[in-house]
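Throughout, a chain's letter reflects where its sequence line sits, starting with A, and its residues are numbered from 1.
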Amino acid sequence: MEYFAIVIGAIFVNNIVLAQFLGICPYMGVSSKVSTSVGMAGAVLFVMTLATIVTFLIYNYVLEPFNITYLQTISYILVISSLVQMVEIILKKVSPELYQALGIFLPLITTNCAIMGVALLTVQNDFNLMQGVVFAISHAAGFALAIILFAGIREHMELMDLPKAMRGAPAALVVAGILALAFMGFAGLV
Amino acid sequence: MNQWKNFSKGLIKDNPVYILLLGLCPALGVTTSAFNGLGMGLATTFVLLGSNIVVSLIKNLIPDKVRIPSFIVIIASFVTIVQLTMEAYMPDLFDALGLFIPLIVVNCLVMGRAEAFASKKDTFSSAIDALGMGLGFALALTMLGSLREILGAYSIFGFKLIPGATDGMLVFVLAPGAFIGMGYLIILFNYLKKKTA
């Protein structure tokens, strides 16, 4: 039941993009086609889960015991960026197909505040490792839901005849706003 | 380059948020009121200024291959300074900005200026560039914050515009208002840019 609340809360109620404003850069940047947004969502799922596990271990077994939690920001960003590099190198060697699919999205992920945000939230919420993993996976699923829905809408918007000043980012932001409005309907669910 | 031009480009012509679309997450996330927007803008300006100065000072000492990780460490140090200072002296603002203070470290604007400007130019120009870009960012956040506060709470910087009015159009304080307000402000800046160009 407790896990169920985490999952529903992360995907619908506190959707990472539409309610918490994390990961807006990739959300705006790679959402013009459904196929690329699926790739991005996959890469986020992969890295977010790994990053949450690694940063959880670092926080609880290194930073906390040595009383150096003020180094949290520095250590997290270094760990996440080196993790992304490592994942990229390993994927290239072990699974070229997966690398083909996710490869170009991986470097973009280092600057994705969603990854770091979820890692920080896991600590803030005092989750244990299992809860942290479920939390990360459901946040990634929420990201996937938001970006794939959005990409579907944007593909249709290509054909629309909009005023020149509204084309591109402004129209996309207004659409995201309306999507956020729809997601507000889930408020109070858990 | 003319230093005034270097400074003022960040305000409208190359405004980091509305024209370059950098740092959208904090711009949308913290701007529930004008004060929060300003606080976040100034915190980012400080980090930007510090990291640009340090990067431009030590750019010749850093081997090219490890420059990105080095920049990250420099930026993260300044973010930690801001984080601890704000927690000590401005606990209310710290609570309001929450997660977005440590997340300055992944703000593409800060990294972008270090890589594109400070690692190539002299210290003085880098400092000016950082100030201009930082204040442009602060301006952008304050504008969006004011818009949302005026529409959402009928007040600005905490001052009530309509005496007796309790709550405004709540949707502008909540998430959808951020996206929609930002969309319309980008249209405004596109128009301004075309006019000044």
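Residues B:V79 and A:I77 fail the side-chain proximity criterion, which asks for heavy atoms closer than 4.5 Å. At a threshold of 4.5 Å between non-hydrogen side-chain atoms, the residues B:I72 and A:S81 count as touching. The side-chain heavy atoms of A:F21 and B:L103, taken from C-beta on, include no pair separated by under 4.5 Å.
Linking ILVMFWY residues whenever their side-chain heavy atoms come closer than 4.5 Å, directly or via other members, leaves B:L147 and A:V174 in distinct clusters. Cluster membership for A:L22 and A:V13, using ILVMFWY side-chain heavy atoms within less than 4.5 angstrom, is shared. Under a hydrophobic clustering in which Ile, Leu, Val, Met, Phe, Trp and Tyr are joined whenever their side-chain heavy atoms come within less than 4.5 Å, directly or via other members, A:Y27 and B:L99 fall into the same cluster.
Interatomic distance, CG of A:L173 versus CD1 of B:I180, reported as 10.0 Å (0.5 Å rounding). Here B:E87 contributes atom CD and A:Y70 contributes atom OH; the two are 14.0 Å apart, rounded to the nearest 0.5 Å. A distance of 8.5 Å separates CE of B:M182 from CE of A:M28, quoted to the nearest 0.5 Å. A:C25 SG to B:L24 CG: the interatomic distance, rounded to the nearest 0.5 Å, is 5.5 Å. Put simply, CD on A:Q20 and SG on B:C25 are 11.5 Å apart, with the number rounded to the nearest 0.5 Å. The distance from atom CG of B:N107 to atom SG of A:C113, rounded to the nearest 0.5 Å, is 8.5 Å.
For B:F100, the part sitting under 4.5 Å from any heavy atom of chain A is the side chain, from C-beta outward, and nothing else. Only the side chain of B:L21 comes within contact range of chain A, judged by heavy atoms closer than 4.5 Å. For A:A19, the part sitting under 4.5 Å from any heavy atom of chain B is the backbone (N, CA, C, O) and nothing else. Proximity to chain A (any heavy atom under 4.5 Å) is shown, for B:I75, by neither the backbone nor the side chain. There is no contact between B:V30 and chain A, counting heavy-atom distances below 4.5 Å. In this structure, chain B has a heavy atom under 4.5 Å from the side chain of A:M184, while its backbone stays farther away. For A:Q124, the part lying under 4.5 angstrom from a heavy atom of chain B is the side chain only.
Within a 6.0 Å radius of NZ in A:K92, no more than 12 heavy atoms belonging to other residues, nucleotides or ligands are found. When the shell of 6.0 Å around CZ of A:F186 is examined, it contains more than 12 heavy atoms from other residues, nucleotides or ligands. At most 12 heavy atoms of other shown residues, nucleotides or ligands fall within 6.0 angstrom of atom OH in B:Y184.
Closest heavy-atom contact between B:I186 and A:P170: CG2-CG, 3.6 Å. Of all heavy-atom pairs spanning A:A176 and B:F179, the tightest one is CB-CD2, 3.7 Å.
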